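The block underneath contains the structure these notes are about, expressed in C-alpha cells.
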2 protein chains.
Amino acid sequence: MNRPGYYDEPMNNLGAERVREVSRLATKSGRAHSGEFLAEGPQAVREALRQHLENAENNRDAVVNTIYATDDCLDRYPEFEEMAAKAKGVRSRVVSPEVLAGMADTVTPQGIVAVCRIPEISLQDVVAAKPRLVAVLCRVQDPGNAGTILRAADAAGADAFILTGGSVDIYNPKAVRSTVGSLFHLPIVTNVSLEETVEAFKNAGSTVLAADGYGATNLDTLLDATAARRAGLETPDAPDMPVLENPTVWLFGNEGAGLNEAELARADHRVAVPLYGVAESLNVGTAAAVCMYASARAQRTS
Amino acid sequence: MNRPGYYDEPMNNLGAERVREVSRLATKSGRAHSGEFLAEGPQAVREALRQHLENAENNRDAVVNTIYATDDCLDRYPEFEEMAAKAKGVRSRVVSPEVLAGMADTVTPQGIVAVCRIPEISLQDVVAAKPRLVAVLCRVQDPGNAGTILRAADAAGADAFILTGGSVDIYNPKAVRSTVGSLFHLPIVTNVSLEETVEAFKNAGSTVLAADGYGATNLDTLLDATAARRAGLETPDAPDMPVLENPTVWLFGNEGAGLNEAELARADHRVAVPLYGVAESLNVGTAAAVCMYASARAQRTS
C-alpha cells in the first residue's frame with residue numbers, strides 16, 4: 001500500500017541494526033550517543049509533529065527526525081499521513097507490529113513512535129526571552145514526577161523549564177510519557193548549575209522563590225496581597241514580601257529531601273504551601289502545581 | 001535483649017505461617033480475607049501508632065493490630081518502643097531482617113511494618129459529621145495517583161476521602177506508600193456508588209463540583225468572586241455560579257478518560273482548571289491539588 005509521505009518499502013526485519021539503534025534511545029547512553037529521544041504513541045507523536053511544522057514555519061530547529069508507524073495505526077489515524085507529507089526533513093516508514101514493539105519502550109506503543117532531536121537550548125537564550133514564569137527542578141529523581149511537573153508547568157503557562165545537574169533525564173521514556181506532549185510545548189534547559197541559573201535570572205530582574213515546607217512566607221499571604229492590589233486596596237505593610245505578579249522563577253527540590261540549605265540560600269524568598277490538615281509535607285508535584293498556579297493566577301489577573 | 005512493649009521471643013523463622021499471612025496483605029484477596037492492610041517504614045508506622053493512641057483516648061476503633069520491627073530499627077528509632085508500650089491492644093514483635101523482608105512489599109522496608117485494620121466507616125457517618133471539604137475519586141486506577149491525591153486532600157484540610165466502586169484499592173501497598181501517612185489522617189469511605197454519595201451530600205446541603213477540563217465554569221472565576229466577597233466588593237452578577245466558601249464535594253475522574261457523562265451529570269457544576277499554556281489537559285493529581293487548594297483557600301479566608 002502506497003502512503004503519501006512514507007517510504008514505499010515497509011520495514012519488517014526485527015534484527016535490523018536500525019531497530020536496535022532506536023531501542024537504545026531508552027537508555028541514557030543511547031540518547032547521549034545520537035542526541036535523540038523517542039516519543040511513543042499517537043498523542044506524543046502528534047505533538048512532536050505539530051511543533052515540527054510550527055518550527056519549520058518560523059525557521060527554527062527541526063523536532064522530528066523519523067516516524068515509524070504500523071499500517072493499522074496509519075489506517076486509524078489518517079492525520080499521520082497528512083502530517084508526514086507536510087513535515088520537511090522527516091523520514092517516515094511503515095514498520096511491522098513486531099519491529100515497532102522492538103523499537104519501543106512501552107509494552108503497547110499504539111502503533112507509532114517518533115525519533116526526535118534533543119533540542120539544544122541555552123540558559124542565555126531562555127533568559128533573553130524575558131520569561132514571566134519559569135520552573136526549575138533541583139535534583140528531582142523520579143521520571144514520572146519530573147514529567148508531571150513539566151506538564152503542570154505547561155498548563156500554568158510557564159515560559160521555560162529547567163533541570164539542574166543531578167536531576168533525572170527528562171528525555172527518559174517514562175518522563176517523556178508523563179509529559180503527555182508538554183515536552184514539545186516549552187523550552188527546556190538541562191544539566192545547568194543552580195548557581196548559574198539563579199544568577200542569570202536575578203540579573204534579568206526575576207524574583208527567585210524556593211518552594212519550601214519550612215519557608216517563612218506563606219503562599220496564601222502572597223495571594224491575599226495580590227487580591228488586595230487587584231481590588232485597589234491597601235496591601236499589608238510588608239516591604240520584604242515577594243510580589244507574585246513579578247517575573248518569577250520557582251525552585252522545586254528533591255522528592256525525599258526537598259531543597260537543601262545551599263539551594264535554599266540562593267533564592268530571594270522561601271515560600272511554603274500552607275498545610276491545612278495533618279499532612280506534614282506535600283509531594284513535590286502537588287507543591288509545584290499549587291505554586292505555579294498561584295503565580296499564573298497572579299500574573300494573569302494583574 | 002528485652003524491649004518494653006515487645007514480646008521477649010524474636011521471630012526468626014521465615015517459613016512461619018504468620019510471615020505468609022502478612023505478605024498476603026499485598027494482595028486484594030489477602031486484605032479482604034483478614035480485613036487488614038500493611039503500613040511499611042518508620043513514617044507510616046509512626047502515623048499509624050499516633051492515630052491509634054489518639055483513637056484510644058477518644059474511645060474510637062483501634063488502628064494497629066501488630067508491629068513487626070528489627071532490632072536495628074528499634075535501636076535507631078527508640079520512639080517505637082515507647083509507642084508500643086503505650087499502645088493498648090497492639091502486639092509488638094522483634095523479627096529478623098529476613099522475616100521482615102519476607103513480610104513486606106517494599107524492597108527496603110526500613111526495618112518496621114504495622115499490620116493495621118481496614119477501618120469501617122460508612123458514608124452516613126461521614127455526611128453526619130458535616131464536612132466542609134470532601135474529595136471523591138471516581139474510577140481512578142493508579143495506586144500512586146490515588147495515594148498522592150489523598151495526601152494532597154489531607155494537606156488542603158479535607159475532612160473526608162471517598163473512592164467509588166471501580167476505583168483502585170487505597171489499601172494496596174503502593175497506594176499506602178504514596179499517602180505518606182495521610183491514610184491515617186482522615187476518614188476514608190470505599191466502594192460506594194457515586195449516585196448514593198452525591199445524593200447524601202446534596203441532601204446535607206453541600207455543593208458538588210466536578211473537576212472537568214471541558215467545564216463551563218473556570219476555577220479562577222470562582223476564586224475572583226471569593227476575593228471580591230472577601231474585600232466587601234460587589235460580586236459579578238452570576239446567581240448560578242458556585243460559591244467556593246460553601247461546603248464542597250469535589251469529584252475527580254479516571255486518569256485517561258476523566259469523569260464520564262453520567263458522572264458529570266450528577267454534579268451541581270462542572271469546573272475547569274484554566275489551561276494557560278499549550279497543554280490540552282491536566283494530570284488528575286495536578287487538577288485535584290489545584291481544585292482542593294482553591295476550596296481550602298476560599299473556606300479558610302471566609
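The sequence lines fix the lettering, A, B, ..., with proteins before strands; numbering per chain opens at 1. If you're wondering where the values come from, they're calculated on a predicted model, not measured in any experiment.
- Ranked by non-hydrogen atom pairs under 4.5 Å with chain B, the options A/Leu219, A/Val273, A/Leu223 are led by A/Leu223.
- Among B/Leu282, B/Leu275, B/Thr286, the residue making the largest number of heavy-atom pairs under 4.5 Å with chain A is B/Leu282.
- Residue contact with chain B, scored on non-hydrogen atoms closer than 4.5 Å, involves the backbone and the side chain of A/Ala155 alike.
- With sequence neighbours excluded, the residues that form a salt bridge (charged side-chain N to carboxylate O under 4.0 Å, His left out) with B/Glu79 are B/Arg46.
- Among the candidates B/Ala156, B/Ser182, B/Ala152, the residue making the largest number of heavy-atom pairs closer than 4.5 Å to chain A is B/Ala156.
- With sequence neighbours excluded, the residues satisfying side chain to side chain contact (heavy atoms under 4.5 Å, CB included) with B/Ser281 are A/Arg151.
- B/Arg270 forms no cation-pi arrangement with B/Tyr214, by the criterion of a distance under 6.0 Å to the ring centre and an angle within 45° of the ring axis.
- Checking A/Thr179, A/Ile170, A/Val189 one by one against A/Phe161, the side-chain contact (heavy atoms from CB on, under 4.5 Å) holds for a single residue, A/Ile170.
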